[in-house]
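Step one of this worksheet: look at the structure below.
What's counted below: heavy atoms across the whole structure, side chains too, no hydrogens, waters or symmetry copies. Numbering starts at 1 and runs along the sequence shown.
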Amino acid sequence: MTADAEESNHRKQNGTNPTYFYEDQELDTYFSNNKVKIPETEKTGFSFRKLWAFTGPGFLMSIAYLDPGNIESDLQSGTVANYRLLWVLFGSTILGLVVQTLATKLGVVTGLHLAEMCYRQYKKLPRLILWIMVEIAVIGSDMQEVIGTAIAIYLLSNKVIPLWAGCLITIFDTFTFLFLDKYGLRKLELFFCLLIGVMGVTFGYEYFVDTPDQGDIFKGLLIPRCVDCDSAVLLQAVGVVGAVIMPHNLYLHSALVKSRDIDRKKPEKLTEARMYYFIESSLALLVSLVINIFVVGVFAHGLFEKSNQALLDQCKDDSFMYDKAREVFANTTELVDADIYKGGIFLGCAYGAAAMYIWAIGILAAGQSSTMTGTYSGQFAMEGFLNLKWAMWKRVLFTRSIAMIPTFCTAFFSSLSDLTSLNDYLNAVMSLQLPFALIPTIAFTSNPRIMGQFVNGIAAKVVSIILGIVIVGINVYFVAEQLLELDLDVGWQVVVYILSLLYFVFIVYLTFHLYISMTYTELENNKAVQKYVFTSVVQSSTTNGA
């Protein structure tokens, strides 16, 4: 009897016979021996006990919406566009929830996270390219987080600890915090929630001290408009979308949901798990949205259309803050060009040094939490795409070393402004990687042979495809604008055009794979397609011991 027949017979004997694919053998992940048990309750319907058991993965996922890159995008959005782009932030968060829900469904139903499913569904070369793209996203995110943490330490130490030393400290404290998972998954999740709480308190403090106009906040959130928006505001709007939806976060979230002990042989248990994960993800992203609104509101109220000279005048009564402000704000009538460091100095000038230190604590919490979740993303990508099992410390050392070399060199040999401006380029890099997480997620969750009765419906397919087109288009526009600003010479332009062509060819390849996954036309039986494009998940799972 074949492995598929044995599996089908096994399901029939248990009276389930589900139509979807799932991994029958537990794969070795960091929580495989530490799964959270889901309590059984006598009553049917919603249960707070079960919601509590499922709570955790969504909040770890939401940290990517609160990393230093996002915080900087928020403060720049407020500084450049006032409250006019809050609706873009709100809409991006909703779109993020849609995409994260697809990633959650994949992990819950199949027992495989996104990278593991890519290993089974793509041929070797495209699979390796996807892995490289994901690692670039992880490393780019890691660099942003290291920069943010180093700046926070720089502020908290009154410049006693230089930026390059802050980068080194970030390496070692990440290793220290990662040992927390040795004490249990729930304790680790609680620690991450604590860091989110620190961000909520610190950024909330700045918000209520600054007291922006609440009417303008709600108008900006609920009314899609952009009156008198110039190219800088439009580019900032595109940047908000690119900064909010992070590519490696889909790989992370699809893996984290495997940490709950769910009986995948029972479809009703999967339906229940998906419901609770959706509620938990919604709550987590609501918290992240509120914190992002805090940041946008503070800097929209305090820095919109404010000149460097006006800010220096605001600092004159505080000699301690005035000395710091003179180092970063020129005595000119040019408008303030905000970043994380200048944002802290502004808050210190406006509300006293305590506000600057509280801001730095919030940035430190954002940097530390997102650094750790980025490390887990790299772990899942490596073990999934390469079917490789390295010890965690080896994976952390590998990924963080690659991220640290350019960050450390920039911090050591360049100025503070060079380090903070690096975030803009990293946002462009992250934007480019998004299709390589989004397209596979849509393809797998729309594949009836994988998802069975849980496959995306017509409405979900249409929405997700339109969402994919919009996001890819937005990010390509954002990156194109960034490249035009660089004013490259002819030689580099040729290199960029060649890379751009290869980039779009690969997106077309993934889109073709997506089409076959959705439709299963006669193309599936084409020999060239079978050789170069498509792999049946049932066949590949049989060879991998499913």
Side-chain angles (χ1 to χ4, degrees), residues 61 64-65 69 91-92 95-103 105-106 113-115 117-119 121-123 125-141 238-254 374 377-378 380-381 384-385 425-447 456 460-483 496-518 533-534:
M61 168 273 298
Y65 291 71
S92 299
L95 296 180
L97 177 61
V98 172
V99 175
Q100 298 295 158
T101 301
L102 294 180
K105 180 163 69 171
L106 179 68
H113 59 67
L114 184 53
M117 187 60 75
C118 287
Y119 182 82
Q121 282 282 274
Y122 290 111
K123 299 296 183 180
L125 180 59
R127 185 173 73 235
L128 290 177
I129 295 174
L130 277 173
W131 172 65
I132 292 171
M133 294 299 108
V134 174
E135 289 295 344
I136 290 173
V138 171
I139 291 167
S141 176
V238 174
V240 169
V241 178
V244 167
I245 305 176
M246 311 291 276
H248 61 283
N249 213 30
L250 299 179
Y251 291 89
L252 174 69
H253 201 191
S254 64
S377 299
F380 297 138
F385 278 109
Y425 300 111
L426 292 174
N427 277 336
V429 170
M430 300 286 287
S431 299
L432 278 172
Q433 310 309 316
L434 188 55
F436 307 126
L438 185 60
I439 295 176
T441 302
I442 298 172
F444 302 151
T445 54
S446 299
N447 188 327
N456 292 337
K461 289 178 181 178
V462 171
V463 170
S464 60
I465 290 174
I466 293 175
L467 173 60
I469 293 171
V470 169
I471 289 176
V472 171
I474 284 175
N475 287 321
V476 168
Y477 169 79
F478 176 63
V479 173
E481 288 292 328
Q482 293 287 331
L483 289 174
V496 169
Y497 289 142
I498 293 174
L499 292 176
S500 299
L501 178 62
L502 294 175
Y503 175 85
F504 285 110
V505 166
F506 191 51
I507 288 182
V508 170
Y509 175 91
L510 294 177
T511 304
F512 182 56
H513 182 280
L514 165 65
Y515 173 74
I516 298 175
S517 297
M518 280 185 167
V533 180
F534 201 76

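- The aromatic ring centres of F444 and Y122 sit less than 6.0 Å apart.
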(request) Would you sort out whether N456 and K105 count as a side-chain contact (heavy atoms from CB on, under 4.5 Å), showing the intermediate values? (result) CA-CA 10 Å; N456 292 337; K105 180 163 69 171; 2.5 Å; yes
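- Atoms NE2 and CD, from H248 and E135 in turn, are 11.0 Å apart once rounded to the nearest 0.5 Å.
- Counting all heavy atoms, side chain and backbone alike, G374 lies closest to V138 at O-CG1, 3.5 Å.
- Closest approach of A437 and Y251 over heavy atoms only: CB-CE1, 3.5 Å.
- Here the straight-line distance linking atom CD of Q121 with atom CG of N447 works out to 5.5 Å at 0.5 Å rounding.
- By the 4.5 Å heavy-atom criterion applied to side chains, F380 and L252 are counted as neighbours.
- Residue S254 holds its OG atom at 11.5 Å from CE of M61, rounded to the nearest 0.5 Å.
- Counting only distance, with no hydrogens or angles, the side chain of S464 and the backbone of I442 share no donor-acceptor pair below 3.5 Å.
- For Y509 against P126, the heavy-atom pair with the smallest separation is OH-CG, 3.3 Å.
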(request) Show your reasoning for whether side-chain contact (heavy atoms from CB on, under 4.5 Å) applies to L510 and L514. (result) CA-CA 6 Å; L510 294 177; L514 165 65; over 6 Å; no
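- Rounding to the nearest 0.5 Å gives a distance of 11.0 Å between OG1 of T511 and CZ of F504.
- Rounding to the nearest 0.5 angstrom, the gap separating the CZ atom in F385 from the CG atom in L114 is 6.5 Å.
- For the pair N249 and Q100, the tightest heavy-atom approach, listed with the atom from each and the gap, is ND2-OE1, 3.2 Å.
- The CD1 atom of I465 sits 10.5 Å away from atom CD1 of I439, with the distance rounded to the nearest 0.5 Å.
- Judged by distance alone, the side chain of Y503 and the main-chain N or O of L432 form a donor-acceptor pair under 3.5 Å.
- For S141 (side chain) and A137 (main-chain N/O), no donor-acceptor pair under 3.5 Å exists by modelled atom type.
- In terms of the side-chain contact (heavy atoms from CB on, under 4.5 Å) criterion, residue partners of V99 (sequence neighbours excluded) are, by chain and number, L250, L438, L467.
- The backbone N or O of A443 lies less than 3.5 Å from no partner atom in the side chain of S446, so there is not a single donor-acceptor pair.
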